[in-house]
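Whatever order the structure lists ligands and atoms in, that order sets their numbers, starting from 1. Predicted model only: the values in this text are computed from it and were never measured.
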Amino acid sequence: MQRHWFKGDTHLHTLNSDGHLHQYELIERCKKLGLDYIIITDHNYDTVEKSYSSDGLLVIKGQEVTGDNGHVNIWGENVGFKPPYDLSNLDAYKKIAAKAKENGATISVNHPFCSNCGFLLDLDDMPMDCVEVWNTIQHSDNIKNLNWWVDKLNHGIKIGAVGGSDFHRDYAKLDMLARPTTVTLAKSNTPEDILAALREGRSVVTNRPDTSMIYLSVEGAQLGDTIKLNDNSFLVGDCRVTKLLPGHTLKIFNNNEVVYEHKAYFPEKEHNAVFEIRNKGYIRAQIDYDFTPALKKVYTEVEKRFLKGSGDVPTFFWAFTNPIWID
Ligand SMILES: [Zn+2]
Ligand SMILES: [Zn+2]
């Protein structure tokens with residue numbers, strides 16, 4: 001069956017928790033950004049009783065189950081308990097996750113390594129379909145999320161990586177909505193198909209709705225698929241990237257090994273990569289970038305003030321794909 005790309009934001013707040021917009025204002029703004037789907041996830045509250053479509057924008061029911069030990073998004077169906085929730089220990093989180101799963105919901109652990117509200121229990125032991133690798137505009141906690149997820153991939157563990165803007169409101173002139181955007185390869189724009197694609201790891205997470213996109217495939221296999229690699233043979237991968245900016249570096253990984261690298265020195269509308277895959281495991285792509293000196297200065301202050309970081313400015317990712325599995 002033919003799949004299509006749908007742009008979305010998986011993590012949004014409204015006036016029903018600590019957001020600053022009414023549900024309908026938020027929806028209008030998402031339409032203007034050209035999003036295809038959104039999941040509204042207020043803290044411990046179902047703003048959307050039942051998923052619906054508004055002028056082509058799919059609005060999926062969701063809730064951010066929120067406690068001092070961590071935040072977990074429950075998408076598509078009911079949590080199954082009434083707040084206030086018992087979130088005192090890992091078993092309590094597992095109990096909520098199990099009940100929500102029983103109801104048909106999708107579970108995503110949010111911003112697990114956030115300096116301020118990360119997941120404080122044993123993350124390796126927490127059941128999840130997805131993990132929010134990229135939360136809000138880019139910052140160094142997201143690199144910790146990515147490293148944790150990549151370690152899971154290296155162990156053959158399949159968890160769908162997603163992004164969520166965690167939108168509450170804009171800050172000064174900074175537009176925070178759909179940053180990042182999760183672009184998902186789904187059978188159709190319905191709650192069932194979008195959530196299945198998120199769970200199956202068929203998404204690309206990119207900085208904004210209108211920026212770089214990565215189309216990675218291996219001999220017909222697409223993100224989330226598994227393709228067979230015969231012994232003493234190789235597969236040919238194909239990667240088309242749009243809207244590369246100066247300073248962007250495209251990297252393609254076969255497990256932890258970089259099998260293709262390209263740095264853009266001027267804006268490139270499109271870049272095409274062809275490469276060989278010789279190892280079983282997975283293949284994935286990522287675009288990295290460094291801040292300009294002026295932005296570096298600003299960011300150093302942000303790190304120190306809000307993220308308890310050292311102020312060192314790392315290399316960030318601008319976009320990344322979920323893997324194609326090589327068996
Ligand atoms: Zn949260
Ligand atoms: Zn949130």
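- Aromatic ring pairs are classed by plane angle as parallel below 30°, tilted from 30° to 60° and perpendicular above 60°; the pair Y260 and F275 is tilted.
- Taking 2.8 Å as the limit, the number of protein N, O or S atoms around the Zn ion (ligand 1) is 3.
- Taking 4.5 Å as the limit, every side-chain heavy atom of D86 sits out of range of all side-chain heavy atoms of K95.
- A search for side chain to side chain donor-acceptor pair (under 3.5 Å) contacts involving N110 returns E64, N73, not counting sequence neighbours.
- Every pair passing salt bridge (Lys or Arg N to Asp or Glu O under 4.0 Å) that includes a residue from residues 257-273 is listed here, sequence neighbours excluded: R240-E270.
- A salt bridge links D125 with K94: the distance from a Lys NZ or Arg NE/NH1/NH2 to an Asp or Glu carboxylate oxygen falls below 4.0 Å.
- Residue H13 counts as close to the Zn ion (ligand 2), with an N, O or S atom under 2.8 Å.
- Hydrophobic side-chain contacts under 4.5 Å tie V258 into a cluster, directly or through other members, with F253.
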